[in-house]
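The model shown is predicted, which means the values in this text are computed figures rather than measured ones. The chains referred to below are lettered A, B, ... by the order of the sequence lines, with proteins before strands, and numbering in each begins at 1.
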Amino acid sequence: MNKRVRVRFAPSPTGGLHLGGVRTVLFNYLFAKKHGGDFILRIEDTDQSRFVPGAEAYILQTLNWCGLTPDESPEAGGPYAPYRQSERKAMYKQYAEQLIDAGYAYIAFDTPAEIEEMRNNFKTPENPSPQYNQAVRAKMRNSLSLSKEEVDALLAGNTPHVVRIKMPDNEDVTFTDMIRGEVSFNTSQVDDKVLLKADGMPTYHLAVVVDDYLMKISHAFRGEEWLPSAPVHLLLWKYLGWANDMPEWAHLPLILKPDGNGKLSKRDGDRLGFPVFAMDWTDPKTNEKNTGFKEHGFLPEAFVNLLAVLGWNDGTDQELFSMTDLIEKFSMERVHKGGAKFNYEKAKWFNAEWIKNADNAYLASLVQPYFDEAGIQVQDKSYLEKIIGITKERCILLPDFITQAGFYFAAPTSIDTASIAPKWDDAKKNFFEALCTAFENSNSNDHTVLENIFKELTAAHGLKPGELMLPMRIMLVGGKFGPGVFEIAATIGVANAVARIKHALTLL
RNA sequence: GGAGCGUUCGUCUAACGGUUAGGACCUCAGGUUUUCAUCCUGGUAAUACGGGUUCGAUUCCCGUACGCUCUACCA
């Protein structure tokens with residue numbers, strides 16, 4: 001039982017990656033890295049009708065942004081290529097045939113209309129959605145109910161058909177889930193799932209088993225929504241003769257919408273005003289746009305952190321974890337069984353914490369694009385880093401730096417004169433005019449020098465510093481926010497400060 | 001309808017039979033900051049319900065309720 005740890009994330013390329021998907025990746029990744037194993041990205045594109053161009057590239061970009069780069073993938077290749085199921089199509093057929101030959105599967109010729117008819121015929125109040133199972137399969141058109149001659153004739157005539165698993169009657173299938181412990185299903189409750197579709201493509205059920213086997217997957221982690229079909233997969237591993245190679249399973253809890261109940265969906269984000277995708281995603285078919293955590297101004301470290309503790313903790317009070325911490329401390333056994341409601345307020349708190357603790361140069365590189373977009377010119381990189389250092393504790397999301405730090409680079413474009421005007425009078429106006437002169441004469445960029453000048457002048461004018469600080473702040477930064485006024489004046493330079501005060505004076 | 005899974009403060013969670021049921025977010029009240037934010041101190045707030053087992057149950061068992069997932073030639 002000392003086989004190499006190999007795990008996979010196997011999305012279908014149908015759209016953007018949302019919180020739940022990224023967390024599944026994260027837990028896979030953490031488990032693999034903790035055990036020195038491999039993390040594989042496999043694209044499950046067996047449903048051509050749902051294929052969305054660009055989705056695969058998007059998924060890969062997202063993983064890279066999060067720092068969850070796969071060891072093997074369609075792009076990176078690897079010893080078990082190809083990693084797209086559509087390119088592995090030819091492999092699945094032989095296993096389907098193997099199952100038919102062994103009596104574990106059969107060929108079914110029923111058309112969608114015939115199945116629909118069956119469902120209508122067998123529908124009762126007690127059983128509103130009849131399944132294609134052992135109770136009805138004898139009444140359908142398949143290799144179990146038809147004679148060999150009929151089947152051969154149908155096959156010779158190229159009649160469209162699928163391959164279905166023949167679920168045994170009343171058999172308990174039990175397995176150990178790493179999160180849930182022992183889980184048990186009775187085969188009578190599960191239907192004869194289609195294994196191979198009429199177009200020759202495998203369904204998820206066949207493909208996941210075959211590929212996990214061929215790719216030597218040691219642990220299979222997926223969302224809780226897969227639990228009910230687990231017995232099908234278990235049986236397939238057994239029927240194919242691979243029982244000894246079967247991976248260990250863990251079904252991850254769902255991430256729920258913040259209000260009400262149910263799985264978090266992309267619609268919830270727009271409805272409640274927060275991102276659910278990792279990065280911006282525009283559906284090329286519908287042009288529907290969903291915003292991402294990245295573009296909202298989240299640090300990837302914060303995003304990974306908040307996802308990790310949504311359903312997992314290390315048993316201590318620690319909440320802030322770096323990727324290195326997570327790799328060291330993660331364990332699947334400590335993952336919760338129940339779903340967790342997503343809370344955007346807490347998510348923002350994680351980001352604020354990460355911004356406060358981040359390296360200034362690193363933050364500068366992340367902030368730069370927002371400044372570019374806002375038209376804020378940065379001449380001196382080290383100046384930017386310095387400014388970020390003194391403003392980062394007031395920022396929750398990266399775009400907050402535009403308002404919290406932008407005034408260090410250019411005079412504010414809008415000045416909140418409305419907050420000054422009510423108490424404005426000539427005495428104050430005279431004071432600020434005198435202050436400009438005094439500042440100019442001092443030619444000092446030392447905040448204590450400037451503060452002393454300011455205080456001496458207020459005394460000379462018979463005014464109180466308290467009623468002049470706020471107006472000065474607003475003149476310098478545009479509003480009621482920011483670090484200490486004299487620190488700001490000293491940082492932007494006394495000449496700039498004077499220019500801003502003079503400009504503001506013309507507006508009052 | 002059926003099957004499976006789940007259920008501790010509003011939210012995320014800790015407590016692997018014995019705690020005044022702990023922490024964090026949110027919120028509220030103070031303090032620091034002559035702005036705002038940060039920061040600091042403190043408060044409110046939970047074991048779904050009913051039975052067992054046990055000297056003792058948040059914890060183990062059963063039932064009930066509620067919720068979720070699945071019940072496709074989608075994953």
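Side-chain atoms of A:Phe185 lie closest to B:rA3 of the nucleotides B:rA3, B:rU13, B:rG22. Distances from the side chain of A:Asn127 to the nucleotides B:rC12, B:rG1, B:rA14 place B:rG1 closest. Comparing B:rG1, B:rG4, B:rU35 against the side chain of A:Phe481 picks out B:rU35 as the nearest. For A:Glu319, counting side-chain heavy atoms from C-beta on, the closest listed nucleotide (B:rC26, B:rA14, B:rG23) is B:rG23. Of the candidates B:rU11, B:rG23, B:rC26, the closest approach to any side-chain atom of A:Lys341 belongs to B:rU11.
Across the C1' atoms, B:rG1 and B:rG22 are found 43 Å apart, a figure rounded to whole Å. Nucleotides B:rU32 and B:rU38 place their C1' atoms 11 Å apart, quoted to the nearest Å. For B:rA21 and B:rA57, the P atoms lie 14 Å apart once the distance is rounded to whole Å. A distance of about 15 Å separates the C1' atoms of B:rG18 and B:rC60, rounded to the whole Å. For the C1' atom pair drawn from B:rU71 and B:rC62, the interatomic distance equals 27 Å after rounding to whole Å. Separation of the C1' atoms belonging to B:rC26 and B:rU11 is 8 Å when rounded to the nearest angstrom. Separation of the P atoms belonging to B:rA48 and B:rG2 is 25 Å when rounded to the nearest angstrom. Across B:rA14 and B:rA46, the matching C1' atoms stand 13 Å from one another, rounded to whole Å.
Regarding A:Phe321, its CZ atom lies at a distance of 18 Å from the P atom of B:rC12, rounded to whole Å. Straight-line distance from the CD atom of A:Gln318 to the P atom of B:rC25: 15 Å, rounded to whole Å. As a whole-Å value, the separation of A:Phe350 CZ from B:rU13 P is 11 Å. Rounded to an integer number of Å, the gap from CG of A:Asp317 to C1' of B:rA21 is 14 Å. Atoms CD (A:Gln189) and C1' (B:rG4) sit 9 Å apart, rounded to a whole Å. Across the protein-nucleic acid pair, A:Phe486 atom CZ and B:rU33 atom P stand 15 Å apart, rounded to whole Å. Rounded to whole Å, atom C1' of B:rG23 lies 12 Å from atom CG of A:Asp314. Counting to the nearest Å, the P atom of B:rG2 and the NZ atom of A:Lys123 are 17 Å from each other.
Nucleotide B:rA15: unpaired (no Watson-Crick or G-U wobble partner with both distances less than 3.5 Å). The base-pairing partner of B:rA3, taking Watson-Crick or G-U wobble contacts with both distances under 3.5 Å, is B:rU69. Nucleotide B:rC74 forms no Watson-Crick or G-U wobble pair with any nucleotide shown, as no partner meets the under 3.5 Å limit on both distances. In this structure B:rU44 sits in no base pair that meets the Watson-Crick or G-U test at under 3.5 Å. In this structure, B:rG63 forms a base pair with B:rC49, meeting either the Watson-Crick or the G-U wobble geometry with both donor-acceptor distances under 3.5 Å. Base-pair partner of B:rA21: not found among the strands shown (Watson-Crick or G-U wobble, both distances under 3.5 Å).
Nearest-nucleotide positions on RNA chain B for A:Gly339 and A:Val485 put A:Gly339 closer to the 5' end. Between A:Phe454 and A:His336, the residue whose closest nucleotide on RNA chain B is further toward the 5' end is A:His336.
Here A:Val208 lies out of heavy-atom contact (under 4.0 Å) with every strand. Among the protein residues, A:Arg334 comes within range of the sugar-phosphate backbone only, with heavy atoms under 4.0 Å from sugar or phosphate atoms but none that close to a base. A:Pro483 comes within 4.0 angstrom of a base, heavy atoms only. As judged by a 4.0 angstrom heavy-atom cut-off over every strand, A:Pro125 is placed among residues touching the sugar-phosphate backbone only. Nucleic acid contact for A:Gly484: base, since at least one base atom lies under 4.0 Å from a heavy atom of the residue.
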Distances for protein N/O vs nucleotides 68-75 of chain B N/O pairs under 3.5 angstrom?
| unit_1 | atom_1 | unit_2 | atom_2 | d |
| --- | --- | --- | --- | --- |
| B:rU71 | O2' | A:Gln131 | NE2 | 2.5 |
| B:rC73 | OP2 | A:Arg164 | NH2 | 3.4 |
| B:rC73 | O2 | A:Ala198 | N | 2.8 |
| B:rC73 | N4 | A:Asp110 | O | 3.1 |
| B:rC74 | OP2 | A:Lys197 | NZ | 3.0 |
| B:rC74 | O2' | A:Asp47 | OD2 | 3.3 |
| B:rC74 | O2' | A:Arg50 | NE | 3.2 |
| B:rC74 | O2' | A:Arg50 | NH2 | 3.3 |
| B:rC74 | O2 | A:Arg50 | NH1 | 3.4 |
| B:rA75 | OP1 | A:Thr46 | OG1 | 2.7 |
| B:rA75 | OP1 | A:Lys197 | NZ | 2.9 |
| B:rA75 | OP2 | A:Tyr204 | N | 3.4 |
| B:rA75 | O3' | A:Glu44 | OE1 | 3.2 |
| B:rA75 | O2' | A:Ser12 | OG | 3.2 |

Where do N or O atoms of nucleotides 37-39 of chain B meet protein N or O atoms at under 3.5 Å, pair by pair?
| unit_1 | atom_1 | unit_2 | atom_2 | d |
| --- | --- | --- | --- | --- |
| B:rU38 | O3' | A:Lys356 | NZ | 3.0 |
| B:rC39 | OP1 | A:Lys356 | NZ | 2.6 |

Evaluate A:His461 against A:Phe432 for ring pair (Phe, Tyr, Trp, His ring centres under 6.0 Å), listing each step before the verdict. CA-CA 10 Å; A:His461 281 243; A:Phe432 277 106; 9.8 Å; no

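Panel note: side chain A:Arg500, backbone A:Pro412; no donor-acceptor pair is recorded below 3.5 Å. Between the A:Thr187 side chain and the A:Met167 main chain, no donor and acceptor come within less than 3.5 Å of each other. At least one donor-acceptor pair under 3.5 Å links the side chain of A:Asn142 to the backbone N or O of A:Arg137. A:His205 places no side-chain N or O within donor-acceptor distance of the main-chain N or O of A:Thr203, the cut-off being under 3.5 Å. In this structure, A:Arg84 contributes its side chain and A:Pro74 its backbone to no donor-acceptor pair below 3.5 Å. Here the side chain of A:Asn313 pairs no donor or acceptor atom with the backbone of A:Glu319 at under 3.5 angstrom.
Residues forming a salt bridge (charged side-chain N to carboxylate O under 4.0 Å, His left out) with A:Lys329 (at least two apart in sequence, or on another chain): none.
Taking 4.0 Å as the cut-off between side-chain N and carboxylate O, A:Lys480 and A:Asp416 do not count as a salt-bridged pair. Ion pair A:Arg271/A:Asp268 flagged as a salt bridge, since at least one NZ, NE, NH1 or NH2 atom sits closer than 4.0 Å to an Asp/Glu carboxylate oxygen.
Taking the six-membered ring for Trp and the full ring otherwise, A:Tyr370 and A:Phe401 have centroids separated by 6.0 Å or more. Annotation: A:Tyr204 is in aromatic contact with A:His233 [ring centroid separation under 6.0 Å].
For the residue pair A:Tyr92 and A:Asp211, a side-chain donor N or O sits within less than 3.5 Å of a side-chain acceptor on the partner.
At B:rA14, one or more side-chain N or O atoms of A:Asn313 fall inside 4.0 Å of OP1 or OP2 (strictly under the cut-off).
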